[in-house]
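What you see is a predicted model, and the numbers here were worked out from it, not measured in a lab.
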Amino acid sequence: MIDVSRRLQSVYVPAADGVRLAVDVWLPVERTAAGGAVGTVMRVTRYHRAEAPQGPEPAADTNAAAGDLFNRAGFALVVVDARGTGASFGTRAGELSEREIKDYGELIDWVAAQPWSNGRVGVYGTSYEGQAAELIAGLGNAHLVAVAALFSPYDPYRELFYPGGCGTGGRYARWMYESQLKDGIAGALDRLAALTGQPAETIALPSPVKPVDGPDGRALLDAAIGEHQANTDVHALMGRVPFRDDRVTGLDWEAAAPASGAAAAFRGVPMLVRAGWLDGGFAAGALARFAARAGHQQVEIGPWGHGGGSLADTLRPSFTAEHDPLSIASQDRRLVEFLARYLERDREVAGGSTLTFGTLGIGEWHTVTRWPPADTGTQRWYLGPMAGLTREAGPAATVTHRADVTASTGATNRWLAIDLDKAPGYPGRRDADDSLLTFTSGPLPADVHVLGFPVVTVRLATSGTDGAVYVYLEAVGPDADVSYLTEGCLRFLHRRAAGAAEPARLGVPRTFARPDALPVVPGTPMDLAVPLLPVSAVVPAGHRVRVAITGHDASCFTRYGPAEETFTLSLGGDSHLDLPVRSG
């Protein structure tokens, strides 16, 4: 039983199959102790719902700030350890499994049945937790009235683990072993040490998880961790599912993707979606959802790092949060305002969807009601001889490039910064470009607002029977300093497109399915349409636009080409950049 006069309590709630889930409940006691019924905000996590507190008072809890935020607004906050993690019992057959998502639907029913609940629940979360929140919406639970999916993937295959069909196994392994360490899995520390090359004794151990209340809390926690030892090692399955339609027991891209047909039927639940332009590939998912889905969506995309606690603008690398929409306080305020519309019965439900986006380089924000905005179009730039990038196609020619297997976007790129609690950054691009094949425009006569998914099309032959191409869009300043804008990659066997390129809309449609794979024949030219991840950025007049191309990114990507890989590119009309631009 939940004591309506206690602000914070931690209990076990059994799922339908008997597995006990650890749950923290924060109550706005000024209302519940007086008999009032309140709306509830829920967050579900596989990273510990809370760390073991230093004292019994709510202020010592790691969720004190979130508890204050929602309790002050008059809402209860419920935080849940996923089965097989934290203080919850059970084992994990995979991440975001069907059983795990059902657990959360049952917990929503449990909350709605409490005497202190008004029967209305909103679920929110960041990253994994945001993906889970969106999958919960697919259950069609009548008590779920709103979802906030923050800095989370819409399609994890495309946006995080296999962008362009290229595996990021290095970052996935680290994430998996760090998660196992949190789950108390024996041997996880040694596996993480072997992966990172660090001595085990130098790796910071996670803080212990908070037990449930009561004298048996510690013993129950130990028993739960004992059950975690049977969790599936999902990292061991990654190499078996390189295509998006691949599925094995414990890892199914379709089932875990909010973009999938079944999970996508979120029954019109209103959604708040937030993403950063340089945060993995999550902005691409936010735009795909906004363009394709009915129902109310409030979408925000800006120069945030993962989670919104850091800022990332490569055209202004040292800027501060001068604009209110960027600050943590403003993000929290908008989250509470969004949830309040649906958690309180007397509030008006919002109508149409909106997309609010910030722009790299200038810090301006715009709100539109459709994607793409009406004032967007496409400029074509041709890759030409003498490393030029021009508006007119030059004469037919070829250029060869020896792929540098050590080329890297660095330790704080958009894929690795997700797990580092740092803003993504790209220092040293001028030097990095020395080993890449580059094509650079003349100075721009006026500002150019890039908005959308740039697409680089190349006619390319490789010396190998497999491989991938990595393409970067950059801005070169008058002082020759190079700023990263965005990137795209494509494994050659995934080159079959499912439709025409749409740079101003969603890039190049592809299935990444095993039946659509095409063989790679050494020396035979392939036409590759490589969509770059979306961005909104203003390249100032006087700067130059650069396309940089190579065959590998050693930061965290799987290597597919041969050791001595050579590309031959056809120039002139065969290879070009389609740049989506906004005229407004």
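- Side chains of Arg46 and Thr85: a donor-acceptor N/O pair is absent below 3.5 angstrom, by distance only.
- The aromatic rings of Trp304 and Trp365 lie tilted to each other, with the angle between the two planes from 30° to 60°.
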Where do Leu160 and Phe282 land on the side-chain contact (heavy atoms from CB on, under 4.5 Å) test, with the steps shown first? CA-CA 8 Å; Leu160 190 56; Phe282 303 153; 4.1 Å; yes

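- Of the N and O atoms on the side chains of Arg191 and Gln180, at least one donor lies less than 3.5 Å from an acceptor on the other residue.
- At a threshold of 4.5 Å between non-hydrogen side-chain atoms, the residues Phe319 and Leu326 count as touching.
- Annotation for Asp419: atom CG counts as buried by contact number, over 12 foreign heavy atoms lying within 6.0 Å.
- Aromatic rings of Tyr470 and Phe557 (six-membered ring for Trp) have centroids within the 6.0 Å cut-off, being under it.
- Residues Leu533 and Arg414 have side chains in contact (heavy-atom distance under 4.5 Å, counting atoms from C-beta outward).
- You'll find the side chain of Val508 stays beyond 4.5 Å of the side chain of Phe453, heavy atoms only.
- Heavy-atom contacts from other residues, nucleotides or ligands closer than 6.0 Å to CZ of Arg240 number 12 or fewer.
- Salt-bridge annotation for Arg380 and Glu392: absent, with no side-chain N of the basic residue lying under 4.0 Å from a carboxylate O of the acidic one.
- Between the Thr62 side chain and the Glu51 main chain, a donor and an acceptor come within less than 3.5 Å of each other.
- Side-chain atoms of Asp404 never come within 3.5 Å of backbone atoms of Ser435 as a donor-acceptor pair (strictly under, hydrogens ignored).
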Apply side-chain hydrogen bond (donor to acceptor under 3.5 Å, both in side chains) to the pair Tyr177 and His235, showing each step before the final yes or no. CA-CA 8 Å; Tyr177 293 148; His235 172 252; 3.1 Å; yes

Apply side-chain hydrogen bond (donor to acceptor under 3.5 Å, both in side chains) to Thr45 and Glu129, showing your working. CA-CA 5 Å; Thr45 185; Glu129 301 160 6; 2.6 Å; yes

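- Here CZ of Phe439 is found 8.5 Å from CG of Leu389. Values are rounded to the nearest 0.5 Å.
- We find the CG-CG distance between Leu335 and Leu69 to be 6.5 Å, quoted to the nearest 0.5 Å.
- Between Phe161 and the options Phe243, Trp415, Trp253, a ring pair (Phe, Tyr, Trp, His ring centres under 6.0 Å) holds for only Trp253.
- Side-chain contact check for Ser555 and Ser408: no donor-acceptor pair (N or O, by modelled atom type) lies under 3.5 Å.
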With side-chain contact (heavy atoms from CB on, under 4.5 Å) as the test, would you mind laying out the steps for Leu451 and Trp371 before giving the verdict? CA-CA 11 Å; Leu451 178 62; Trp371 181 263; 3.9 Å; yes

Under the side-chain contact (heavy atoms from CB on, under 4.5 Å) criterion, do Leu360 and Arg316 qualify, and how do the steps go? CA-CA 8 Å; Leu360 308 187; Arg316 299 180 302 154; over 6 Å; no

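- Although no hydrogens or angles enter the test, the distance criterion places a donor-acceptor pair under 3.5 Å between the side chain of Ser463 and the main chain of Thr566.
- Inter-residue side-chain proximity for Leu437 and Thr550 is flagged as unmet; no heavy-atom pair is nearer than 4.5 Å.
- A donor atom on one side chain and an acceptor atom on the other are not found under 3.5 Å apart for Gln131 and Ser152.
- No side-chain donor from either of Tyr426 and Glu474 sits under 3.5 Å from a side-chain acceptor of the other.
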Apply the test salt bridge (Lys or Arg N to Asp or Glu O under 4.0 Å) to residues Asp246 and Arg514: give CA-CA distance (whole Å), side-chain angles for both, the deciding distance (0.1 Å), then the verdict. CA-CA 7 Å; Asp246 288 340; Arg514 191 172 288 272; 2.8 Å; yes

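- For the pair Phe567 and Val458, the minimum side-chain heavy-atom distance is 4.5 Å or more.
- In this structure, the side chain of Arg510 engages the main chain of His494 through a donor-acceptor pair within 3.5 Å.
- Side chain of Gln331 to main chain of Gly308: a donor-acceptor pair is present (N/O by atom type, distance under 3.5 Å, no hydrogens or angles).
- Atom CZ of Phe151 is separated from atom CG of Asp279 by 7.0 Å, given to the nearest 0.5 angstrom.
- Using a 3.5 Å distance cut-off with no hydrogens or angles, the side chains of Arg171 and Thr168 do not pair a donor with an acceptor.
- Thr376 places no side-chain N or O within donor-acceptor distance of the main-chain N or O of Pro372, the cut-off being under 3.5 Å.
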Going through the checks in order, is the salt bridge (Lys or Arg N to Asp or Glu O under 4.0 Å) test met by Glu254 and Arg244? CA-CA 7 Å; Glu254 182 74 7; Arg244 192 177 180 291; 2.5 Å; yes

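- For the pair Arg391 and Trp381, the distance from NZ or CZ to the six-membered ring centre is under 6.0 Å and the angle to the ring normal is within 45 degrees.
- Of the N and O atoms on the side chains of Thr511 and Asp516, at least one donor lies less than 3.5 Å from an acceptor on the other residue.
- Taken from CE in Met176 to CG in Leu192, the straight-line distance is 11.5 Å, to the nearest 0.5 Å.
- At least one side-chain heavy atom of Val456 sits under 4.5 Å from a side-chain heavy atom of Val471.
- At a threshold of 4.5 Å between non-hydrogen side-chain atoms, the residues Arg158 and Pro163 do not count as touching.
- Of the possible donor and acceptor atoms, none in the side chain of Asp447 sits under 3.5 Å from a partner among the backbone N and O of Pro540.
- Environment of CD in Glu201: crowded, with over 12 heavy atoms of neighbouring residues, nucleotides or ligands closer than 6.0 Å.
- Under the 3.5 Å distance criterion, with hydrogens and angles disregarded, no donor-acceptor pair is assigned to the side chains of Ser583 and Asp375.
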Determine whether Leu528 and Val469 satisfy the following criterion, side-chain contact (heavy atoms from CB on, under 4.5 Å), listing intermediate values before the conclusion. CA-CA 9 Å; Leu528 310 173; Val469 62; 4.2 Å; yes

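- Ring geometry for Phe512 versus Tyr157: interplanar angle of 30 to 60°, hence tilted.
- A side-chain donor-acceptor contact under 3.5 Å links Ser575 to the backbone of Ser570.
- Side-chain atoms of Ser536 and His449 form a donor-acceptor pair, as typed in the model, at a separation below 3.5 Å.
- A 4.5 Å side-chain heavy-atom check between Arg174 and Leu416 finds every atom pair outside the cut-off.
- The CG atom of Leu460 sits 10.5 Å away from the CZ atom of Arg495 when rounded to the nearest 0.5 Å.
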Would Asp481 and Arg429 satisfy salt bridge (Lys or Arg N to Asp or Glu O under 4.0 Å), going step by step from the backbone distance to the final call? CA-CA 8 Å; Asp481 193 33; Arg429 288 307 298 172; over 6 Å; no

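- Taking the centre and axis of the six-membered ring of Tyr154, the NZ or CZ atom of Arg293 falls outside the cone set by 45° and 6.0 Å.
- Side chain of Tyr128 to backbone of Leu96: a donor-acceptor contact under 3.5 angstrom is found.
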From CA spacing to verdict: side-chain hydrogen bond (donor to acceptor under 3.5 Å, both in side chains), Thr440, Arg544: CA-CA 7 Å; Thr440 308; Arg544 303 168 188 260; over 6 Å; no

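- No donor-acceptor distance shorter than 3.5 angstrom exists from the side chain of His366 to the backbone of Thr356, with no hydrogens or angles considered.
- The distance from the CG atom of Leu287 to the CG atom of Leu506 is 7.0 Å, given to the nearest 0.5 Å.
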